[in-house]
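One structure below.
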Amino acid sequence: MKVERLAIPDVILITPPRFGDARGFFSETYNYPRIAAEAGIELPFVQDNHSFSKERGVVRGLHCQLDPHAQGKLLRVSKGAIYDVAVDARTGSPTYGKWVGAELSADNWQQLWIPPGFLHGFCTLTDDVEVLYKCTDVWDKASERAVIWNCPEIGVDWPIKPEEAILSDKDAQAPHFSAATGWFQY
């Protein structure tokens with residue numbers, strides 16, 4: 001497994017090995033002892049999610065859940081490609097309000113670890129995208145929060161123009177990052 005810490009070191013890009021032959025391939029995408037030892041991810045995963053987006057330009061996020069149901073997420077793409085983004089929302093962190101992004105695709109087989117205390121969102125780069133992700137806590141409606149995907153206070157360099165974004169009503173009406181002050185402590 002290849003482990004790469006991004007510009008915000010708590011966000012980790014992981015590439016599990018794929019073993020292929022004429023029939024196809026095999027890959028162990030998650031192994032708790034290996035990911036704990038090699039990437040330092042020791043939180044248990046308690047929920048798996050699978051999302052499908054029909055069109056290029058679908059934006060989901062920026063989302064998080066507050067304590068006591070804050071979620072860490074390990075994401076991968078099984079079909080298509082996304083631009084995945086993590087924003088540090090931990091008040092007092094040296095990287096508070098900073099973001100990192102990575103392209104995840106079925107072809108590059110990379111996964112992104114986003115720890116609790118971060119906002120998360122992605123934009124589809126192709127049609128017919130399937131994203132699978134493991135979460136360290138269960139979904140809890142009362143704990144969920146969102147920040148507008150193209151908030152100028154954060155300045156994410158998304159790969160689409162604002163007029164190309166396909167958003168849910170909830171995401172389109174999310175507040176700016178200044179509303180996140182105090183959501184998490186570093």
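FYI, side chains are in, hydrogens and waters are out, and symmetry mates aren't considered; it's all heavy atoms of this structure.
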Do you know which two heavy atoms are closest between [X] and [Y], and how far apart they sit?
X      : Y      : value
Ala146 : Trp183 : O-CH2, 3.7 Å
Thr15  : Gln110 : OG1-CG, 3.2 Å
Glu28  : Pro16  : O-CB, 3.6 Å
Arg76  : Gln111 : CB-CG, 3.6 Å
Trp99  : Gly155 : NE1-O, 3.3 Å

Let's go through Thr95 and Arg90 carefully: what are the C-alpha distance in whole Å and the side-chain angles of both, what is the deciding distance for side-chain contact (heavy atoms from CB on, under 4.5 Å) to 0.1 Å, and is it a yes or a no? CA-CA 8 Å; Thr95 56; Arg90 302 169 300 171; 4.0 Å; yes

In terms of hydrophobic clusters joined by side-chain contacts under 4.5 Å, are [X] and [Y] together?
X      : Y      : answer
Ile82  : Leu62  : no
Val3   : Ile114 : no
Ile8   : Leu74  : no
Leu119 : Leu66  : yes
Tyr30  : Ile12  : yes

Using a 3.5 Å distance criterion without hydrogens, assess whether the side chain of [X] forms a donor-acceptor pair with backbone atoms of [Y].
X      : Y      : result
Thr126 : Ala81  : yes
Ser53  : Val129 : no
Thr136 : Gln71  : no

Going by heavy atoms in the side chains, are [X] and [Y] under 4.5 Å from each other?
X      : Y      : answer
Val11  : Pro115 : yes
Asp84  : His120 : yes
Val85  : Trp158 : yes
Glu153 : Val147 : no
Trp149 : Val156 : no
Thr181 : Tyr96  : yes
Lys73  : Trp113 : no
Val59  : Asn150 : no

I'd like to know if the side chain of His63 pairs up with that of Glu144 as donor and acceptor (distance under 3.5 Å, no hydrogens or angles considered). no

Arg56 vs Ile160, test: side-chain contact (heavy atoms from CB on, under 4.5 Å). Steps then yes/no. CA-CA 9 Å; Arg56 179 191 178 279; Ile160 61 167; 3.7 Å; yes

Gap separating the [atom1] atom of [X] from the [atom2] atom of [Y], nearest 0.5 angstrom:
X      : Y      : atom1 : atom2 : result
Lys98  : Leu6   : NZ    : CG    : 16.0 Å
Ser168 : Gln173 : OG    : CD    : 8.5 Å
Leu13  : Asn108 : CG    : CG    : 7.5 Å
Leu104 : Tyr83  : CG    : OH    : 10.5 Å
Cys123 : Leu167 : SG    : CG    : 9.5 Å
Asp171 : Ile148 : CG    : CD1   : 7.5 Å

Which class fits the ring pair Trp109 and Phe25: parallel under 30°, tilted 30 to 60°, perpendicular over 60°? perpendicular

Might you work through the side-chain contact (heavy atoms from CB on, under 4.5 Å) test for Ile14 and Ile35, ending with a clear yes or no? CA-CA 9 Å; Ile14 299 166; Ile35 210 156; 3.7 Å; yes

Centroid separation under 6.0 Å, is that true for the rings of Tyr133 and Phe45? no

side-chain contact (heavy atoms from CB on, under 4.5 Å) evaluation trace for Leu132 with Thr29: CA-CA 11 Å; Leu132 300 126; Thr29 60; over 6 Å; no

With sequence neighbours excluded, residues passing salt bridge (charged side-chain N to carboxylate O under 4.0 Å, His left out) with Arg60: none

So does Lys134 pair up with Asp48, basic N to acidic O under 4.0 Å? yes

